[in-house]
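Taking it in order: structure first as structure tokens, then the write-up.
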Amino acid sequence: MEKLESFYRDRGYLAFRVESVQVSMTPDREGVYITITVDEGDIYNVRNVNVIGDLKGHEEFLERVTKIEPGTQYNAAYITQLEDIISRYYGQFGYAYTEVRAIPDMQEGSNEVDITFAVNPGQRVYVDRINFYGNNATADSVLRREMRQLEGAPLNEQLIEQSKLRLERLGFFETVETMTRKSETDPNRVEVDFTVKEQPSGSFNFSLGYGDYTGLQLGLGLSQDNFLGSGNRAAINIQTNRFTKSASVSYMDRYLTKDGVSLAGQVYVSEFDAGNLENYIRYNKKQFGIGASIGFPVSEITSLNFGLTYRNEQISDVDSYEQVSQFYRPYVDKQDPNSGVRFNIFEASAGISRMTLNRGMFPTAGSLNSFNFEISTPNSDVNYFRMLYDYRQYFPITDNHNFVFMTRLRLGYGNGYGTDDNGNDHLFPFYENFRLGGNDNLRGFEGNTIGPRAIYRYPQSIPGKPGYDGVPPGLPSNPGADRLFVSRYSVGGNAMAVGGIELIVPTPLIPEENRNTVRTSFYVDVGTVWDTEFDYETYRQLQLAVNSFALQDYSEPSNYRVSAGVSLQWLSPMGPITFSFGRALKSDESDRTQTFTFNIGTTF
């Protein structure tokens, strides 16, 4: 009956009433008839709106928020919404128990109604104490520093909600619940309780094994976003296998100062042999580096970040395909071309991020926007820059956030700037190229397989006059007669665009209390990588060698890939684990597709 009454009163039938309800059995006695007699009455329009009561000096706001144009059709749902807005407004000033009642006055002889809002703010309420429950591993101070509602201050429901949201964004807690209760000693004071349920906020892994492809494998990694309950991030990683050896240590203090200024540092060393890694063209890279960054909060949702990094890089054993030769050739010692090259890189970075996500892990509403700019300083051996933009947006479809639509986009661009001492233009280092494919960005394709292919150019020769041995020597032919071989291996590019859409749905057979640790989604991924410095005209007239793949204009972003599938993500005690089943919908003949992918440490 309540739904029936609401249906009519939301459409202006203010005088609607149920006159009678009759229930009778069907002749076969297997069902019942329900007969409801109603009097719809007339449709009423609003004539005047008044506000009365002890308004505490907020008359201007109330007049503005309750303004309804004369002649507007009466809507009970809208009137109830105004009551809630007024109550919440007074809650910002400590009036926690404000009573708001809308009184309709139907005018006799007309279909008009006057509405009077009676407001009783009551007594101002102050917060006596804020309590935290469930934070067994996380220090009380970590939660308390996120509070925007202060003890001793007037109760503000908006600040309590903002404090709850900040706790959820930390990524340390599966759920955060709040409750306000009256103090046992003072009726004008309350206590605010925050009850949290902690979840894994890091990952630990140890691996020891042997594989035909990777050889001996040894890995040790510890990453903790809530290190020893301090709210700081610490990570140490050691890895060795057939193609890489690396070690790194990093630490970030999220609250270097009480204002939320953060400080992070990292030290690392690595050796990477791309020739032993699938889907890579051969080169060897050794590097060590040290870096630091500092972050400044601009507002509740926006922050700035600045960093400095020093890297020493040694590149050797580089395969001589066309794209890499353009970068690598000017630095090679012509007296000892096999010795490789060494670079000292001083890199500065600046970034800005804006986050309105409702949770740090597995969000269901809000957005994340970040832009980062990195540039090697002019005193570096190689001068280049790189820009990266990330965007994610979550749109809840249902009120309980069981069904959520998500869209994401990542754009990247890098290039060299300036010239070296010999007048050569600085180019973007080939080993810094953007690459796509795999569970991190473009599911349904093998990792690092999307983008421009390696091109090999082979000079052709023509027979000359026979020598003393009777064998004619080969003489160089016109460069226009060179042969071209296009490999199936991608070398990446200096520009990238990748994005996608996902429909997040409830995970079958998972209890409601675990919904924040397991996520299922159906996705469509789209991505492309291109090289803005690639000169297609230089190669397009050359004849392709036997078994070569087709040459394409790799300077154009139009050769995009598309995939679709289903993904399952789980926040396990070892860290985030993602399983993806996908299929390529648009691919190239040289692509390597992948139906199933598995990854630890990345979520969307």
Side-chain angles (χ1 to χ4, degrees), residues 273-277 279-285 314-343 382 415-416 419-433 435 448-449 451-494 529-556 559 588-591:
D273 186 355
N276 287 327
L277 179 60
N279 301 327
Y280 270 80
I281 298 294
R282 186 185 74 245
Y283 73 90
N284 186 280
K285 177 184 177 183
Q314 182 178 351
I315 311 298
S316 61
D317 196 24
V318 178
D319 204 352
S320 59
Y321 58 93
E322 283 289 295
Q323 295 98 317
V324 73
S325 297
Q326 297 170 16
F327 167 83
Y328 191 67
R329 191 181 301 117
Y331 302 101
V332 173
D333 183 356
K334 294 180 175 55
Q335 303 301 321
D336 187 10
N338 296 323
S339 62
V341 296
R342 186 184 296 271
F343 301 128
V382 181
N415 217 329
T419 58
D420 61 18
D421 295 338
N422 297 320
N424 299 307
D425 289 338
H426 284 290
L427 300 177
F428 194 62
F430 68 92
Y431 49 85
E432 297 287 353
N433 277 347
R435 299 172 182 269
N448 307 307
T449 59
R453 294 337 196 199
I455 297 176
Y456 298 86
R457 185 170 182 170
Y458 300 109
Q460 299 300 299
S461 61
I462 56 177
K465 183 178 179 180
Y468 293 108
D469 56 2
V471 178
L475 300 177
S477 66
N478 189 304
D482 291 352
R483 292 290 179 93
L484 208 65
F485 181 83
V486 180
S487 168
R488 76 173 302 162
Y489 295 111
S490 170
V491 295
N494 69 330
V529 176
W530 68 101
D531 183 355
T532 61
E533 299 299 312
F534 181 77
D535 187 2
Y536 178 65
E537 293 299 322
T538 301
Y539 307 103
R540 73 182 186 89
Q541 299 293 343
L542 301 182
Q543 186 175 356
L544 295 176
V546 177
N547 297 325
S548 170
F549 286 92
L551 176 67
Q552 301 178 18
D553 187 355
Y554 299 125
S555 66
E556 294 293 331
N559 193 17
D588 187 80
E589 62 172 346
S590 58
D591 291 341

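Positions are given from 1 along the sequence. Computation of the quantities below employed the complete heavy-atom set of this structure, encompassing side-chain atoms and omitting hydrogens, waters and symmetry-equivalent molecules.
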Measuring from atom [atom1] of [X] to atom [atom2] of [Y], what distance do you get when rounded to the nearest 0.5 angstrom?
{"X": "His426", "Y": "Asn415", "atom1": "NE2", "atom2": "CG", "value": "12.0 Å"}
{"X": "Phe549", "Y": "Arg488", "atom1": "CZ", "atom2": "CZ", "value": "4.5 Å"}
{"X": "Lys285", "Y": "Ser316", "atom1": "NZ", "atom2": "OG", "value": "12.0 Å"}
{"X": "Asp531", "Y": "Phe428", "atom1": "CG", "atom2": "CZ", "value": "10.0 Å"}

Using a 4.5 Å cut-off on heavy atoms from C-beta on, say whether the side chain of [Y] contacts that of [X].
{"X": "Leu544", "Y": "Phe485", "result": "no"}
{"X": "Ile455", "Y": "Ser487", "result": "no"}
{"X": "Gln326", "Y": "Leu427", "result": "yes"}
{"X": "Asp273", "Y": "Tyr283", "result": "no"}
{"X": "Tyr554", "Y": "Trp530", "result": "no"}
{"X": "Val529", "Y": "Pro452", "result": "yes"}
{"X": "Gln552", "Y": "Asp588", "result": "yes"}
{"X": "Arg453", "Y": "Val491", "result": "no"}

Inset, instruction - Report the C-alpha separation of Tyr489 and Tyr321 in whole Å, then their side-chain angles, then the decisive distance to 0.1 Å, and conclude whether the ring-ring contact (aromatic ring centres under 6.0 Å, His included) test is met. - result: CA-CA 11 Å; Tyr489 295 111; Tyr321 58 93; over 10 Å; no
Inset, instruction - Could you check whether the rings of Phe343 and Phe327 sit parallel, tilted or perpendicular, using 30° and 60° as the cut-offs? - result: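 The arrangement is perpendicular - the two ring planes meet at more than 60°.
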Inset, instruction - Hey, can you tell me if Tyr456 and Tyr458 have their rings parallel, tilted or perpendicular (30° and 60° cut-offs)? - result: parallel
Legend entry - For Arg282, all residues meeting side chain to side chain donor-acceptor pair (under 3.5 Å), sequence neighbours excluded: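 Scan of Arg282 (side chain to side chain donor-acceptor pair (under 3.5 Å), adjacent residues dropped) gives Asp317.
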Legend entry - Set of residues satisfying side chain to side chain donor-acceptor pair (under 3.5 Å) with respect to Gln323, sequence neighbours excluded: none
Legend entry - Verdict with supporting geometry, Val324 and Ile281, side-chain contact (heavy atoms from CB on, under 4.5 Å): CA-CA 10 Å; Val324 73; Ile281 298 294; over 6 Å; no
Inset, instruction - Could I get the full list of salt bridge (Lys or Arg N to Asp or Glu O under 4.0 Å) partners for Glu537, not counting sequence neighbours? - result: Arg540
Inset, instruction - Please determine, by modelled atom types, if Tyr536 and Glu556 share a side-chain donor-acceptor pair under 3.5 angstrom. - result: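 The criterion, which ignores hydrogens and geometry beyond distance, is not satisfied for Glu556 and Tyr536.
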Legend entry - Donor-acceptor side-chain pairing of Thr449 and Asp591 below 3.5 angstrom: no
[X] versus [Y], closest heavy-atom pair with distance:
{"X": "Asp482", "Y": "Arg457", "value": "OD2-NE, 2.9 Å"}
{"X": "Tyr331", "Y": "Val382", "value": "OH-CG2, 4.0 Å"}
{"X": "Ser490", "Y": "Asn448", "value": "CB-O, 3.9 Å"}

Legend entry - Sidechain-backbone polar pair: Asp553 side chain, Ser555 backbone, donor-acceptor under 3.5 Å: yes
Inset, instruction - Might you work through the side-chain hydrogen bond (donor to acceptor under 3.5 Å, both in side chains) test for Asn494 and Glu533, ending with a clear yes or no? - result: CA-CA 8 Å; Asn494 69 330; Glu533 299 299 312; 4.9 Å; no
Inset, instruction - Mind running side-chain contact (heavy atoms from CB on, under 4.5 Å) on Glu322 and Phe534 for me, showing each step along the way? - result: CA-CA 10 Å; Glu322 283 289 295; Phe534 181 77; over 6 Å; no
Legend entry - Within 6.0 Å of CG in Asp333, more than 12 heavy atoms from elsewhere: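 Yes.
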